[in-house]
Amino acid sequence: MRKNIVAGNWKMNTNLQEGVALAKGVNEALKNITANCDVIIGVPFTHLAPVNDAIDSSKLGLAAENCADHKSGAYTGEVSAPMVASTGAKYVILGHSERRQYYGETSEILKTKVNLALENNLAPIFCIGEVLEERENGSYLNVVKTQIVDALFELSADDFSKIILAYEPVWAIGTGKTATAEQAEEMHAFIRGVLAEKYGQEVADNTSILYGGSCKPSNAAELFAKPNVDGGLIGGASLDVESFMGIVTAF
Ligand code: PEP
C-alpha cells in the first residue's frame, strides 16, 4: 500500500550553515517520535552533500529541488541528476510551479528530467497544480490531468510506480490560502482515477499523492484525514523544526 509522506521544500532559503543546523534539528526531533509517515527534506543543491552527512538517512530522506535536463556537458551552472545522486539524495522535486512559471519548464522539459532522475535512481516528487484562473473557470481537473499525461504517461508502469505526486494549487502556494480538505480530496481522488485508467487500480492505489499549498500544523490533520491525501509538500512551514514536526505528527 502507498506510503504517507511529509516532504519539506526549503526553496532558496538558508545559507549552508543554517541549512545544516535545520536538517540536524529535524533529524534530532525525529529521534524522539515514531513518525507515521516517511519524512523528506528538499534542500538547495549546495546543501545536499553536507546535509546528507549530517542526517540519519534511514529516518530522514533527502531531496534536491530540481535537476538539469541533460546528463552532463557544456551547461554552465546546471546540476545534473547523476550529480544529485552522487550526494546521497534519493529524491528530486520536479515541476514545481515556481520552476514552471519563472524558468519556463514545459512538460517536454520535465519529461526529460523525470527520465534522467529515474535513470539515476532518484524518485521524482512531481508537482502539478492549476492557477487561480483555472480554478475559477472550472478547468482545473483537466489542467492537472494534462500536466500528468504530458510529462509522465510515456513511463512504463514499473517506472511510474517510483513517482510521488504532489498536487499544489498555485493559488495556495505561499499565499496563506489553503485549499479546503474537500477541494484537495476532490482533486486527489480525480488524479487517482486518471492513474487507474492508464496504469490500473493497483498502481493508482500504490501512488502517494501529496498536497502542497500553505499546509501548516493547524490544517495538516484535516487534510491528511482525507482518504486520497497521502501527506504534504511543505514550503514555508518546513523552515522551522517545530512547525515542520507539527505537520509530521499530524498523521
Ligand atoms: C511549495 O512551495 O511547495 C509550498 C507548498 O509552499 P508553501 O507551503 O509555503 O505554500
Side-chain angles (χ1 to χ4, degrees), residues 4-14 18-19 22-23 26 37-45 47-48 61-67 89 91-105 110 113-114 117 122-132 134-135 140 143-144 147-148 151 163-181 183-185 187-188 191 208-224 226 228-251:
N4 290 328
I5 300 169
V6 171
N9 173 18
W10 292 1
K11 312 192 188 195
M12 197 172 71
N13 291 299
T14 73
E18 291 161 349
L22 176 56
V26 174
C37 59
D38 284 4
V39 184
I40 299 167
I41 46 176
V43 311
F45 289 132
H47 300 21
L48 285 168
L62 182 60
E65 299 174 17
N66 182 28
C67 71
Y91 305 88
V92 58
I93 299 169
L94 291 175
H96 192 280
S97 64
E98 289 152 15
R99 303 282 331 162
R100 293 177 191 260
Q101 194 179 341
Y102 307 141
Y103 300 96
E105 294 201 356
L110 291 170
K113 292 189 177 195
V114 166
L122 295 169
I125 301 173
F126 190 80
C127 305
I128 60 254
E130 81 284 0
V131 298
L132 185 59
E134 294 160 340
R135 167 66 49 177
Y140 56 100
V143 165
V144 167
Q147 290 173 338
I148 293 172
I163 305 272
I164 298 162
L165 289 177
Y167 167 57
E168 300 206 302
V170 180
W171 47 270
I173 296 179
T175 58
K177 197 174 170 190
T178 320
T180 64
Q183 286 172 320
E185 175 61 16
M187 179 60 86
H188 286 223
I191 292 171
S208 298
I209 309 176
L210 316 185
Y211 167 79
S214 300
C215 186
K216 37 190 183 271
S218 58
N219 59 27
E222 193 187 349
L223 286 157
F224 298 171
K226 291 294 179 192
N228 285 290
V229 179
D230 308 313
L233 181 58
I234 317 300
S238 71
L239 292 168
D240 173 77
V241 175
E242 202 180 320
S243 64
F244 189 56
M245 293 307 294
I247 296 171
V248 169
T249 53
F251 269 114

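Read the numbers this way: they start at 1 and go in the same order the structure lists the ligands and their atoms.
Numbered from 1 in the order shown, with element, the atoms of ligand 1 that lie under 4.0 Å from a heavy atom of Leu233 read 3 (O), 5 (C). The contact set between ligand 1 and Gly213, taken as ligand atoms under 4.0 Å from a residue heavy atom, comprises 5 (C), 10 (O). Ligand-side atoms of ligand 1 in range of Gly236: 7 (P), 8 (O), 9 (O), range being under 4.0 angstrom from any heavy atom. Of all atoms in ligand 1, listed by their number and element, those nearer than 4.0 Å to a heavy atom of Gly174 are 7 (P), 9 (O), 10 (O). Taking every non-hydrogen atom of Ala172 and a distance limit under 4.0 Å, the qualifying atoms of ligand 1 come out as 10 (O). With ligand atoms numbered from 1 in the order given, ligand 1 contributes 1 (C), 2 (O), 6 (O) to contacts under 4.0 Å with heavy atoms of Lys11.
His96 NE2, 3.2 Å is the protein heavy atom nearest to atom 1 (C) of ligand 1. Of the protein's heavy atoms, Glu168 OE2, 2.7 Å lies nearest to atom 3 (O) of ligand 1. The protein atom (non-hydrogen) at minimum distance from atom 8 (O) of ligand 1 is Gly235 N, 2.9 Å.
Annotation: side chain of Val92 is not in contact with side chain of Lys113 (no heavy-atom distance under 4.5 Å).
Neither the backbone nor the side chain of Ser97 comes within contact range of ligand 1; no heavy atom lies under 4.0 Å. In Asn9, the part holding a heavy atom less than 4.0 Å from any atom of ligand 1 is the side chain.
Judged purely by atom type and a 3.5 angstrom limit, Tyr211 uses its side chain to pair as donor or acceptor with the backbone of Ala179. The main-chain N or O of Ala237 is found under 3.5 Å from a side-chain atom of Ser243 such that the two form a donor-acceptor pair. Within the 3.5 Å criterion, the main-chain N or O of Lys11 finds a donor-acceptor partner in the side chain of Glu65. At distances below 3.5 Å, at least one donor-acceptor pair connects side-chain atoms of Ser214 with backbone N or O atoms of Ala172. At least one donor-acceptor pair under 3.5 Å links the side chain of Asp230 to the backbone N or O of Ile209. A donor-acceptor contact shorter than 3.5 Å links the side chain of Asn219 to the backbone of Lys216.
Contacts of Val241 classified as side chain to side chain contact (heavy atoms under 4.5 Å, CB included), with partners at least two apart in sequence or in another chain: Leu22, Val26, Ala29, Met245.
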